[in-house]
Amino acid sequence: MQQSEQEQQKEQVIAQNEIPDLIINPYEVVNNSKKQIDYDKLIQSFGCQRIDQAHIDRIQALTQKPVHHYLRRGIFFSHRDLTQVLDAYEAGKGFYLYTGRGPSGDSMHVGHLMPFIFTKYLQEAFDVPVVIELSDDEKFFHKSETTLEEYQRYGYENAKDIIACGFDVNKTFIFLSSQYAGHMYHNICKFQHAITYSQLRGIFGLNESDNCGKVAYPAVQAAPSLSSSFKHIFGKDEVMCLVPQGIDQDPYFRMTRDVCYKLKVPKTGCIHSQFLPGLHGFGTKMGTTDPTSAIFLTDTPKEIEEKIKKHAMSGGGMTKKEHQEKGADLTVDVPYHYLRFFLEDDARLEEIRVQYGKGVMMTSEVKKELITVITKIVTEHQQRRALVTDEIVQKFMELRPLSNYPPKKNN
Ligand code: TYM
């Protein structure tokens with residue numbers, strides 16, 4: 001459907017986040033409210049839609065598999081055109097999943113893992129192709145802390161962590177954008193032609209002193225959402241794309257979707273996750289500059305234990321007496337919040353919510369439970385990662401057809 005200039009401008013205004021105390025974009029996540037982000041307000045401000053029970057039931061019915069706890073608990077909470085993607089799947093046309101990582105260092109934290117864990121679930125549940133972009137160019141333009149070659153090296157290292165999430169090599173293509181760009185350059189050009197500098201400035205807050213790479217890059221993140229960027233997988237077919245991502249990445253895809261009508265291609269579907277805060281509290285973020293702010297995939301069990309015990313912000317009472325009288329404030333409690341993300345057992349999570357909320361369970365007990373859960377996830381991840389050789393990474397990066405495209409008739 002054609003979109004008028006006026007409608008376009010409206011989408012650009014919506015693209016600005018107008019919630020006080022909250023900045024959320026690919027380059028900055030700041031939550032000065034110190035509490036859980038108000039995702040309903042964010043949905044309104046970004047102009048996306050909540051994933052409702054009907055979507056969840058439909059996913060369960062289409063896949064005939066239990067839905068992931070990220071969906072059941074509203075952690076993947078919002079979407080754009082998910083209904084259209086599911087329609088395409090139901091009609092037997094299939095769809096593909098596209099996600100990515102900006103390799104800014106050797107090690108990823110548990111927050112980075114979430115979209116990949118979820119994409120792996122979707123890959124298994126729907127049996128659809130997955131493409132994964134490692135945007136070494138993006139980090140080079142935006143961070144400029146080291147050489148492009150070093151960001152490429154981080155890309156290969158991060159690819160090992162991504163592969164360790166369990167992706168099927170016959171159904172997954174991973175690429176470094178600085179190396180693969182030539183294959184999708186026709187689509188990069190089309191996006192660059194369709195987007196004005198003033199639109200980019202509005203969405204990403206760029207200015208004249210930013211390097212040209214920052215202006216050129218958004219089209220490189222947009223291009224993989226067109227199936228014609230992957231001729232070795234889709235040939236000439238036009239296949240719908242669904243992008244699992246943290247909500248901070250949405251500006252890229254608002255931009256992508258805004259120009260799809262000009263390119264005469266279906267709008268990219270999106271599915272967004274909530275943001276996992278830093279250990280120090282809801283107003284903080286995870287980062288390498290402060291190793292105590294996050295659990296990294298390279299952490300030892302001892303480091304995990306120390307970080308959670310000493311640094312995970314508690315919503316419990318100041319004294320035992322106060323805690324037993326008033327209970328824990330779960331709206332600011334990081335250990336409980338992390339359990340929502342990482343403890344799969346719904347019944348146990350509910351028990352903790354009630355008992356801790358009433359002050360029957362102590363913070364030390366909740367932290368102990370979190371230490372057990374996260375240590376298991378990280379240790380098992382490290383074991384799988386140790387088996388990922390350079391040759392295996394190369395296999396994922398080879399240009400080749402994927403075994404689950406075209407979709408089988410009975411999908
Ligand atoms: P990057 O490397 O910053 O993050 C990778 C993915 O992890 C998500 N994420 C988080 N999710 C929840 N809680 C957190 N604390 C958290 N931190 C990061 C991000 O939203 C992202 O989904 N520009 C991208 C790389 C990219 C990409 C893509 C991402 C290229 N193409 C397509 C998604 C979809 C980036 O720098 O991600």
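Residues take their numbers from the sequence shown, with the count starting at 1. Everything numeric here is computed off the predicted structure, so don't read it as measured data.
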Checklist line | Test side-chain hydrogen bond (donor to acceptor under 3.5 Å, both in side chains) applied to Gln53 and Asp57, step by step | finding: CA-CA 6 Å; Gln53 194 54 43; Asp57 293 344; 2.9 Å; yes
Item checked: Step-by-step side-chain hydrogen bond (donor to acceptor under 3.5 Å, both in side chains) determination, Ser227 to Asp237 -> CA-CA 7 Å; Ser227 54; Asp237 296 352; over 6 Å; no
Margin query: Within a 6.0 Å radius of atom NZ on Lys214, are there more than 12 heavy atoms belonging to other residues, nucleotides or ligands?
Written below: yes
Check: Step by step, would you call Val130 with Phe173 a side chain to side chain contact (heavy atoms under 4.5 Å, CB included)?
Finding: CA-CA 6 Å; Val130 170; Phe173 174 58; over 6 Å; no
Check: Hey, do the aromatic rings of Tyr180 and Tyr185 have their centres closer than 6.0 Å?
Finding: no
Notebook entry, point to check: Looking only at side chains, do Thr268 and Thr256 share a donor and an acceptor under 3.5 Å apart?
Noted result: no
Next item on the list: Flag the pair His186 / Lys231 as yes when at least one side-chain heavy-atom distance between them is below 4.5 Å, and no otherwise.
Entry: yes
Next item on the list: Of all the heavy-atom pairs spanning Phe275 and Phe341, show the shortest one and how long it is.
Entry: O-CZ, 4.3 Å
Checklist line | Of Leu97, Leu86, Asn404, Leu242, the residue whose pairing with Phe126 passes side-chain contact (heavy atoms from CB on, under 4.5 Å) | finding: Leu86
Notebook entry, point to check: Looking only at atom types and distance, does a side-chain atom of Gln123 sit under 3.5 Å from a main-chain N or O of Lys171, one as donor and one as acceptor?
Noted result: yes
Checklist line | Donor-acceptor contact below 3.5 Å, side chain His232 vs main chain Glu398 | finding: no
Margin query: Assess the residue pair Lys65 and Glu124 against the criterion (salt bridge (Lys or Arg N to Asp or Glu O under 4.0 Å)); give the C-alpha distance rounded to whole Å, side-chain angles, the decisive distance to 0.1 Å, and a yes or no.
Written below: CA-CA 9 Å; Lys65 294 206 167 69; Glu124 270 182 14; over 6 Å; no
Notebook entry, point to check: Yes or no on side-chain hydrogen bond (donor to acceptor under 3.5 Å, both in side chains) for Arg101 and His112, after CA distance, side-chain angles and deciding distance?
Noted result: CA-CA 8 Å; Arg101 154 80 179 141; His112 290 133; 3.2 Å; yes
Item checked: Main-chain N/O of Asn207 paired to Asp210 side chain as donor or acceptor, under 3.5 Å -> yes
Next item on the list: Looking only at non-hydrogen atoms, find the nearest pair between Ala219 and Ile188 and report the distance.
Entry: CB-O, 3.8 Å
Note to self: Under 4.0 Å between a side-chain nitrogen and a carboxylate oxygen: does that hold for Glu369 and Arg348?
What the structure shows: yes
Check: When you look at Tyr39 and Gln274, which way does the side-chain hydrogen bond (donor to acceptor under 3.5 Å, both in side chains) test go after all the steps?
Finding: CA-CA 8 Å; Tyr39 285 104; Gln274 295 184 349; 4.9 Å; no
Note to self: For the backbone of Ala88 and the side chain of Lys93, can you confirm whether one donor and one acceptor N or O come within less than 3.5 Å of each other?
What the structure shows: no
Margin query: Whether the side chain of His55 engages the backbone of Asp52 through a donor-acceptor N/O pair (distance < 3.5 Å, no angle test) should be reported.
Written below: yes
Next item on the list: Using a 4.5 Å cut-off on heavy atoms from C-beta on, say whether the side chain of Val110 contacts that of Val378.
Entry: yes
Next item on the list: Give every residue pair that meets the ring pair (Phe, Tyr, Trp, His ring centres under 6.0 Å) criterion with at least one member in residues 198-223, sequence neighbours excluded.
Entry: Phe204-Tyr252, Tyr217-Tyr252
Check: If every non-hydrogen atom of Thr363 is compared with every non-hydrogen atom of Ser314, which pair is closest and at what distance?
Finding: OG1-OG, 3.1 Å
Margin query: Pairing donors with acceptors under 3.5 angstrom, does anything connect the side chains of Ser78 and His272?
Written below: yes
Checklist line | Residues forming a salt bridge (charged side-chain N to carboxylate O under 4.0 Å, His left out) with Lys143, sequence neighbours excluded | finding: none
Item checked: Inter-residue atom distance Ile43.CD1 - Cys48.SG, 0.5 Å rounding -> 5.5 Å
Notebook entry, point to check: Taking all atoms of both residues into account, what is the closest heavy-atom pair of Ser135 and Gly102, and its distance?
Noted result: OG-CA, 3.3 Å
Next item on the list: Please work out whether the ring planes of His68 and Tyr121 are parallel, tilted or perpendicular, with thresholds of 30° and 60°.
Entry: tilted
Note to self: I need the minimum non-hydrogen distance between Tyr405 and Pro129, along with the two atoms involved.
What the structure shows: CB-CG, 3.8 Å
Margin query: Restricting to salt bridge (charged side-chain N to carboxylate O under 4.0 Å, His left out), what partner residues turn up for Glu149, sequence neighbours left out?
Written below: none
Next item on the list: Might you work through the side chain to side chain contact (heavy atoms under 4.5 Å, CB included) test for Phe282 and His337, ending with a clear yes or no?
Entry: CA-CA 10 Å; Phe282 278 93; His337 195 64; 3.5 Å; yes
Notebook entry, point to check: Parallel, tilted or perpendicular for Phe116 and Phe167, by the 30°/60° rule?
Noted result: perpendicular
Check: What residue among Arg384, Gln383, Lys376, Gln382 forms side chain to side chain donor-acceptor pair (under 3.5 Å) with Glu380?
Finding: Lys376
Check: Distance-only, no hydrogens or angles: does the Lys367 side chain make a donor-acceptor pair with backbone N or O of Ala312 under 3.5 Å?
Finding: yes
Notebook entry, point to check: Would you say the side-chain atoms of Asp333 pair up with the backbone N or O of Gly315, donor to acceptor, closer than 3.5 Å?
Noted result: yes
Check: If you measure only the distance, is there a donor-acceptor pair under 3.5 Å linking the side chains of Gln152 and Ser178?
Finding: yes
Check: Do you know the tightest heavy-atom contact between Pro335 and Val366?
Finding: CB-CG1, 4.0 Å
Notebook entry, point to check: If we ignore angles and hydrogens, is there a donor and acceptor under 3.5 Å between the side chains of Asn211 and His142?
Noted result: no
Margin query: So Leu200 and Met255, do their side chains get closer than 4.5 Å, heavy atoms only?
Written below: yes
Check: Are the charged groups of Asp81 and Arg257 less than 4.0 angstrom apart, N to O?
Finding: yes
Check: Is any NZ, NE, NH1 or NH2 atom of the basic residue among Lys309 and Glu306 found under 4.0 Å from an Asp or Glu carboxylate oxygen of the other?
Finding: no
Check: With sequence neighbours excluded, what pairs up with Tyr356 under the ring-ring contact (aromatic ring centres under 6.0 Å, His included) test?
Finding: His323
Notebook entry, point to check: Pick from Ile37, Ile24, Thr284: which one makes a side-chain contact (heavy atoms from CB on, under 4.5 Å) with Asn31?
Noted result: Ile37
Item checked: Heavy-atom side-chain contact between Met313 and Leu279 under 4.5 Å -> no
Notebook entry, point to check: Short question: side chain of His311, backbone of Ile308 - any donor-acceptor pair under 3.5 Å?
Noted result: no
Margin query: Taking Lys368 first and then Glu365, would you say they form a salt bridge - that is, a charged N and a carboxylate O separated by under 4.0 Å?
Written below: no
Next item on the list: Would you check if the side chain of Lys285 reaches a backbone N or O of Leu276 as a donor-acceptor pair within less than 3.5 Å?
Entry: no
Next item on the list: Output all residues satisfying salt bridge (charged side-chain N to carboxylate O under 4.0 Å, His left out) with Asp40, sequence neighbours left out; order by chain, then residue number.
Entry: Arg50
Next item on the list: Would you indicate whether His193, at its atom NE2, is surrounded by more than 12 heavy atoms from other residues, nucleotides or ligands within a distance under 6.0 Å?
Entry: no
Item checked: Under the salt bridge (charged side-chain N to carboxylate O under 4.0 Å, His left out) test, residues paired with Asp250 that sit two or more places apart -> Arg80, Arg254
Item checked: Glu344/Arg73 ion pair, N-O < 4.0 Å -> no
Check: Between Arg153 and Asp106, is there a side-chain N and carboxylate O pair less than 4.0 Å apart?
Finding: yes
Margin query: Any side-chain to backbone donor/acceptor pair from Glu150 onto Thr147? Under 3.5 Å, distance only.
Written below: no
